[in-house]
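Report on the following structure.
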There are 2 protein chains.
Amino acid sequence: MPPAAAEPLTPERILETTEEVLRRFGPTKATVVDVARALGVSHGSVYRHFPSKAALREAVTDRWLARSVVMLEQITSAPAESAPSKLEAWLEALFEAKRHKAGDDPELFATYTVLLTENSGVVDAHLTELIDQLGRIISEGVAAGSLAADDVPAAARAVFDATGRFHDPQYAADWLSPTIITEFEAVTALVVRGLRA
Amino acid sequence: MPPAAAEPLTPERILETTEEVLRRFGPTKATVVDVARALGVSHGSVYRHFPSKAALREAVTDRWLARSVVMLEQITSAPAESAPSKLEAWLEALFEAKRHKAGDDPELFATYTVLLTENSGVVDAHLTELIDQLGRIISEGVAAGSLAADDVPAAARAVFDATGRFHDPQYAADWLSPTIITEFEAVTALVVRGLRA
DNA sequence: CGAGTGACAGATATTGAAATATGTCACTCG
DNA sequence: CGAGTGACATATTTCAATATCTGTCACTCG
């Protein structure tokens with residue numbers, strides 16, 4: 001981390017550095033003073049851009065979640081063979097992304113899990129977005145006659161709830177089990193079958 | 001709590017008193033000395049019957065889980081209109097039981113949640129038992145032609161996983177939401193539909 | 001005997017004083 | 001000006017001492 005550049009201090013730069021500091025020190029040790037030090041400014045300056053440490057961490061959480069939605073949005077809006085297969089692909093992409101994040105860098109994942117529980121409001125908005133994507137896929141299926149659902153948002157929510165074990169970070173430890181993929185496939189198959197016209 | 005009776009000190013009495021002490025002091029404050037005091041004996045005597053505090057707490061956990069299985073076993077082995085409706089009744093009984101335990105005495109529920117995370121081995125055995133009951137209901141449905149499943153144990157497991165949000169204590173906070181019942185019904189309907197022949 | 005004891009060593013938890021962090025704001029200086 | 005500062009008051013965390021608890025065992029006594 002270079003001690004400073006004469007670049008202007010922007011919210012964006014602060015967020016980047018906060019991520020860096022969180023990655024290095026973890027969620028309990030990372031302080032606003034650390035962030036300021038890494039940026040080569042006083043901690044008072046950070047408070048010019050974010051009203052509190054909580055707001056700063058919330059913004060980091062939001063950014064992180066926003067990034068992870070992009071790929072799923074691509075699946076959602078891309079044309080696919082059929083709605084059921086798109087649904088399966090979407091669920092698998094979500095699971096695989098989470099599983100790799102958790103498996104490849106467990107410490108960083110644990111850090112973000114802490115941030116997530118700290119910022120349930122941001123998480124709720126994110127989940128709403130994901131469920132909305134599911135709703136769009138299901139609508140597509142209903143329109144094409146391959147899926148059946150009289151209340152699409154409720155069905156989307158049900159699919160999301162039913163697959164919680166494969167995306168809720170609380171279950172991250174289970175994702176290391178060698179049988180987890182079989183279990184994922186069983187649940188996915190059950191859910192998609194339940195939704196078929 | 002009477003200071004002692006001249007009754008013989010049995011594992012059963014110790015377990016009862018330990019439950020009592022856990023209920024009153026919570027999982028972090030309850031000590032073996034407290035249990036001994038409540039029984040009117042020295043704490044050394046408790047160690048005559050249980051090799052460690054951990055073993056004692058594990059035994060309490062086991063007892064508690066065993067008690068809660070009885071009602072579900074009754075549903076499992078009772079005759080029913082159809083396998084799908086028995087499956088629905090079983091899932092609803094499980095959810096309602098948990099929801100009431102969590103809602104009626106949140107502190108006690110929190111205490112047991114701590115014991116549960118401490119004793120994952122006991123919990124795993126308990127979950128296996130529950131999933132086994134589900135398997136028996138599904139088998140019955142397959143035999144009667146009302147349900148379809150080529151791998152019954154896997155299907156049972158999938159049903160259990162898919163309904164996790166409505167029995168995993170980690171979600172207990174959600175059970176207070178006024179929409180939770182609707183969500184439960186949506187997931188149950190989806191899962192049962194996915195299993196229908 | 002043998003169920004129960006209680007003093008003991010080592011492990012764990014509590015406490016409160018010192019150290020560090022958060023958040024504010026009057027000020028500096030380009 | 002106005003972005004950035006740093007000294008300050010308050011809140012939170014850390015750390016080491018003290019207290020309590022766990023687990024053992026030689027012993028008591030009905």
Starting at atom [atom1] of [X], determine the distance to atom [atom2] of [N], rounded to an integer number of angstrom.
X	N	atom1	atom2	value
A/Leu39	D/dA3	CG	C1'	14 Å
A/Phe50	C/dT22	CZ	P	15 Å
B/Ile14	C/dA3	CD1	P	12 Å
B/His49	C/dT5	NE2	C1'	13 Å
A/Tyr47	D/dG2	OH	P	24 Å
A/Leu9	C/dG30	CG	P	18 Å
A/Asp34	D/dT12	CG	P	18 Å

**OP:** Report the distance from atom CG of B/Leu56 to atom NZ of B/Lys53, rounding to the nearest 0.5 Å.
**Re:**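 One gets 9.0 Å once the value is rounded to the nearest 0.5 Å.
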
**OP:** Would you mind classifying the nucleic acid contact of B/Val33 as base, sugar-phosphate or nothing, using non-hydrogen atoms under 4.0 angstrom?
**Re:** base

**OP:** Describe the nucleic acid contact of B/Thr28 in one word from base, sugar-phosphate, nothing, applying a heavy-atom distance below 4.0 Å.
**Re:**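 The answer is nothing, as B/Thr28 stays clear of every strand by at least 4.0 Å.
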
Counting side-chain heavy atoms from C-beta on, which of [options] comes nearest to [X]?
X	options	result
A/Thr31	D/dG4, D/dT24, C/dT22	C/dT22
A/Val41	C/dT22, D/dT5, D/dG4	D/dT5
A/Lys53	C/dG23, D/dT24, C/dT5	C/dG23

Subject >> 4.5 Å side-chain heavy-atom contact, B/Phe160 and B/His167 >> reply: yes

**OP:** Answer whether the closest heavy-atom distance between the side chains of B/Leu91 and B/Val159 falls below 4.5 Å.
**Re:**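 A side-chain contact under 4.5 Å exists here.
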
Subject >> Criterion side chain to side chain donor-acceptor pair (under 3.5 Å) against A/Asn119, the qualifying member of A/Thr61, A/Asp62, A/Asp124 >> reply: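 One option only clears the test, and that one is A/Thr61.
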
Subject >> Pairing nucleotide - D/dA7, Watson-Crick or G-U, each distance under 3.5 Å >> reply: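 Across all strands, the one nucleotide that pairs with D/dA7 is C/dT24.
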
**OP:** Hunt down the Watson-Crick or G-U wobble partner of C/dG30, both distances under 3.5 Å, from any strand shown, or write none.
**Re:** D/dC1

**OP:** Answer yes if the side chains of A/Thr179 and A/Thr182 hold a donor-acceptor pair under 3.5 Å, and no otherwise.
**Re:** no

**OP:** Compare side-chain N and O positions of A/Ser45 against OP1 and OP2 of D/dG4 and report whether any pair is under 4.0 Å apart.
**Re:**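 Checking D/dG4 against A/Ser45, no side-chain N or O comes under 4.0 Å of OP1 or OP2.
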
**OP:** Between A/Lys29 and A/Arg48, just flag the one whose closest nucleotide in DNA chain D comes earlier from the 5' side.
**Re:** A/Arg48

**OP:** Examine the base of D/dG23 for any acceptor or donor lying under 3.5 Å from a partner atom in the side chain of B/His43, and report the outcome as yes or no.
**Re:**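 Result: at least one qualifying N/O pair found.
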
